Protein chains: 2
Amino acid sequence: MSKLSKPKYQQLKEHIIATIKEEQLKPGEKIWSENELANKFQMSRHTVRQAIGELVNEGWLYRIHGKGTFVDRRPDREVRQARTIGVMTTYLNDYIFPSIIRGIDSVLSPKGYNIILASTYNKHEKERLCLEKFLNTELDGLIVETTKSALPNPNLDLYRQLSHSRKIPIIFIHGFYKDLDYSYVVEDDVEAGYLATNHLLDLGHTRIGGIFKSDDIQGHYRFEGFSKACSLKGLEVCSSRILWFDTEQAEEKLGGCDNEQLDRLFEECSALVCYNDQVAMKVLDRARSKGINIPEDLSLVSFDDSQLAVASEVKLTTVAHPQEKLGEEAARAILQMIAGKKKYHAIKMKPQLIVRGSSCEYKERTGE
Amino acid sequence: MSKLSKPKYQQLKEHIIATIKEEQLKPGEKIWSENELANKFQMSRHTVRQAIGELVNEGWLYRIHGKGTFVDRRPDREVRQARTIGVMTTYLNDYIFPSIIRGIDSVLSPKGYNIILASTYNKHEKERLCLEKFLNTELDGLIVETTKSALPNPNLDLYRQLSHSRKIPIIFIHGFYKDLDYSYVVEDDVEAGYLATNHLLDLGHTRIGGIFKSDDIQGHYRFEGFSKACSLKGLEVCSSRILWFDTEQAEEKLGGCDNEQLDRLFEECSALVCYNDQVAMKVLDRARSKGINIPEDLSLVSFDDSQLAVASEVKLTTVAHPQEKLGEEAARAILQMIAGKKKYHAIKMKPQLIVRGSSCEYKERTGE
DNA sequence: ACAGACAACTTGTACGTACAAGTAGTATAA
DNA sequence: TTATACTACTTGTACGTACAAGTTGTCTGT
């Protein structure tokens with residue numbers, strides 16, 4: 001026998017599998033006895049037993065002591081589990097995340113992937129629970145919206161476990177952790193902040209205030225763009241015109257800042273950059289109740305271009321968030337990572353200013 | 001050797017397993033060679049091989065040709081797959097479904113369940129694809145928002161397959177198929193329609209129009225409540241004041257009805273019942289552009305009490321949708337069904353009228 | 001007609017041998 | 001110093017034998 005030939009028991013295995021596949025042997029039928037096979041193929045019974053033993057293990061055959069060996073259900077007839085991608089977001093019902101999830105779904109669903117949802121409510125403890133649950137799940141990939149991305153993350157150990165031990169590709173959206181060099185898809189928030197602020201500067205405003213979120217990295221970046229735009233025009237950023245809020249404050253009251261703080265901003269500024277449309281709605285409401293007209297008395301620019309931006313009578317000037325597109329990009333990236341085509345993705349999406357009715361040229365306020 | 005004693009290879013297997021369990025051998029460590037074992041236990045190498053072969057198959061050990069045999073992860077150490085519930089909705093980013101999903105998540109997540117998302121875009125073909133994907137997934141339960149619930153469903157065969165063959169508990173939300181006697185959790189939409197319409201009747205309106213969705217059963221029920229309220233007050237439902245739209249029209253343009261149709265309603269009616277907040281926003285916008293004041297010239301009542309209802313300068317009078325609560329109820333029901341505690345759930349949640357600024361008492365229109 | 005013994009088959013356990021082939025470290029030669 | 005060969009160990013393949021034990025049908029004596 002030449003050295004190239006396969007082991008005898010392997011040959012016998014393949015012969016039996018082929019016979020079953022050709023349906024010459026059907027499930028439940030008795031196959032030849034071990035001695036018959038040994039004679040037929042000129043091998044010892046031991047070798048036959050080895051072949052049949054493995055086939056039993058693989059689910060092709062089963063044996064009954066004293067009766068014989070029979071054909072089992074074919075193992076490859078088993079339905080394959082659909083593949084799954086985990087998606088971890090901060091909020092499920094916040095106004096833009098549903099769109100991102102929809103974008104992810106539109107790419108993954110046609111490829112036969114399931115999406116497993118988890119939400120952290122922007123809390124590190126919840127994030128940890130979600131990650132632990134994902135460790136108990138057979139995942140093919142993970143898309144993560146960063147939780148409290150501006151703060152140090154206490155759950156990096158679990159991320160590493162998923163990524164390094166379990167070899168699950170991970171991609172971050174809406175931010176990334178500096179300690180981990182994982183792939184990410186983000187909006188260029190510095191640019192977004194710059195666009196929003198520069199729009200107001202171009203309209204002649206000089207007393208520009210801002211409301212930003214302190215515990216999400218997006219808030220920091222948008223503020224960075226805000227500062228950049230100001231300093232390029234030779235304006236100093238006045239800290240009394242900047243309001244910071246965080247997740248906990250935002251949960252207590254929509255918009256995250258109270259009326260007294262807003263009223264102070266109204267007095268000091270002719271224009272406001274709002275962290276997102278939700279904040280802008282809060283500002284709009286307060287301004288309405290104080291008799292301040294938007295945009296005549298106060299120009300507003302916000303971020304995200306959500307449904308809210310066009311819901312009100314004053315349509316909001318906002319810097320558009322790619323939303324669905326961002327979800328699609330993240331989904332496409334993770335598919336490439338799963339296929340092993342491209343390991344590292346660092347995608348920054350360009351924001352776009354949409355001018356609507358909430359901003360106008362600066363005019364001296366007269367009625368005060 | 002007495003007849004009662006176990007086979008030698010079986011004894012060896014048990015000895016090795018015990019050694020691993022006592023952690024005298026840890027994962028990755030090399031165990032004794034086949035010859036060592038044969039000598040140690042006074043058996044032939046063949047018998048040792050049989051024992052080790054079975055342990056390899058059971059996941060306790062692995063062999064490397066030429067190196068030795070090593071301890072694998074313990075099979076009973078395998079983390080159990082987290083249990084999963086499928087959630088199938090029509091839209092992922094529509095304004096109330098995120099809240100429902102959040103409600104579901106808030107109940108299931110703490111119990112260690114994963115949520116697998118799928119969305120049908122309110123199309124029967126997509127629904128079929130989703131159901132087929134669920135058939136290829138190991139599910140413990142399924143929560144379904146009915147797709148085009150007012151039309152006959154062509155996918156009942158797959159629902160039956162999941163329910164009867166696969167024994168997966170299914171619960172419907174937002175409607176149910178009359179041909180299947182499955183559990184459901186719904187809002188009492190007839191009552192909701194009645195509350196909305198009766199509110200307008202109480203305010204003295206007599207020329208009341210309505211905009212309803214034709215291919216979702218909710219639209220039918222809300223219209224039923226509308227009719228009921230009218231006839232109880234002795235008013236006839238005038239078909240020229242009723243507008244019907246469907247999924248496809250709603251996708252083309254937000255709100256699902258065009259301006260000419262709305263203008264006609266404005267002329268004929270002093271009050272409108274809108275299928276949901278989105279429709280009401282569309283009506284509000286058109287009314288604004290025609291110089292029609294809400295609520296002075298036209299009272300509006302809508303359904304769902306979403307974010308949109310309070311986004312505009314005119315806060316909407318709506319019949320509140322239980323949203324998160326409905327999701328929670330559905331999740332709790334499916335957990336009971338999985339536990340085998342209660343097989344059939346038919347939960348109807350009471351709607352609640354929230355009076356805001358978009359509706360007021362009827363006054364003769366003067367300025368025409 | 002029926003129970004029980006028996007034969008002939010099956011798979012299961014257990015022993016033996018031999019050599020092939022992969023791995024790792026050591027000794028040897030260039 | 002480096003490449004090569006060798007050795008000693010490992011598991012993998014393959015042959016042989018023997019008997020135990022479960023299943024089935026047949027033969028036999030009552």
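These figures come from a predicted structure and were not determined experimentally.
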Asks: Run the side chain to side chain contact (heavy atoms under 4.5 Å, CB included) check on A:D216 and A:N122 step by step: do they pass?
Replies: CA-CA 9 Å; A:D216 281 346; A:N122 211 26; 3.5 Å; yes

Asks: Does the side chain of A:K148 pick up a donor-acceptor pair with the side chain of A:T120 at under 3.5 Å?
Replies: no

Asks: Please tell me which of the listed nucleotides, C:dC15, D:dT11, C:dG12, lies nearest to the side chain of A:R49?
Replies: C:dG12

Asks: Here's a test of your reading of the structure: between A:Q42 and A:I64, which maps to the more 5' nucleotide of DNA chain D?
Replies: A:Q42

Asks: What's the closest nucleotide to the B:K67 side chain, out of D:dT13, C:dT23, D:dG22?
Replies: C:dT23

Asks: Does any donor atom in the side chain of B:S183 or B:K342 lie under 3.5 Å from an acceptor atom in the other side chain?
Replies: no

Asks: In whole Å, I'd like the distance from the CG atom of A:L12 to the C1' atom of D:dG12.
Replies: 17 Å

Asks: The side chain of A:H65 is closest to which nucleotide in this list: C:dA14, D:dG12, D:dG22?
Replies: D:dG22

Asks: Identify which nucleotide among D:dC15, D:dT11, C:dG12 has an atom closest to any side-chain atom of B:S33, counting heavy atoms from C-beta outward.
Replies: D:dT11

Asks: Measure the distance from CD on A:E36 to P on C:dA8 and round it to the nearest whole Å.
Replies: 17 Å

Asks: Is B:K8 close enough to C:dC15 that one of its side-chain N or O atoms is under 4.0 Å from OP1 or OP2 there?
Replies: yes

Asks: Identify which one of A:E125, A:R128, A:R160 satisfies the side-chain hydrogen bond (donor to acceptor under 3.5 Å, both in side chains) criterion when paired with A:N155.
Replies: A:R128

Asks: For B:Q10 and C:dG12, what is the distance between atoms CD and P respectively, to the nearest whole Å?
Replies: 13 Å

Asks: Can you measure A:E34 atom CD to D:dA20 atom C1' for me and round it to whole angstrom units?
Replies: 14 Å

Asks: Which whole-number value in Å describes the distance from B:N35 CG to D:dC9 P?
Replies: 10 Å

Asks: Nearest of C:dC15, C:dA20, C:dT10 to any side-chain atom of B:H46?
Replies: C:dC15

Asks: What's the CG-P distance between B:L61 and D:dT10, to the nearest Å?
Replies: 16 Å

Asks: If we count only N and O atoms by modelled type, under 3.5 Å, do the side chains of B:T89 and B:E145 hold a donor and an acceptor together?
Replies: no

Asks: Rounded to whole Å, please give me the gap between CZ in B:F70 and C1' in D:dC9.
Replies: 12 Å

Asks: Do A:R45 and C:dG12 share a donor-acceptor pair, side chain to base, under 3.5 Å?
Replies: yes

Asks: Of the listed nucleotides (C:dT10, C:dA14, D:dA14), which one gets closest to any side-chain atom of A:T47?
Replies: D:dA14

Asks: Just call it for A:Q50: base, sugar-phosphate, or nothing, with non-hydrogen atoms closer than 4.0 Å on any strand.
Replies: sugar-phosphate

Asks: In whole angstrom, what separates A:R63's CZ from C:dC9's C1'?
Replies: 17 Å

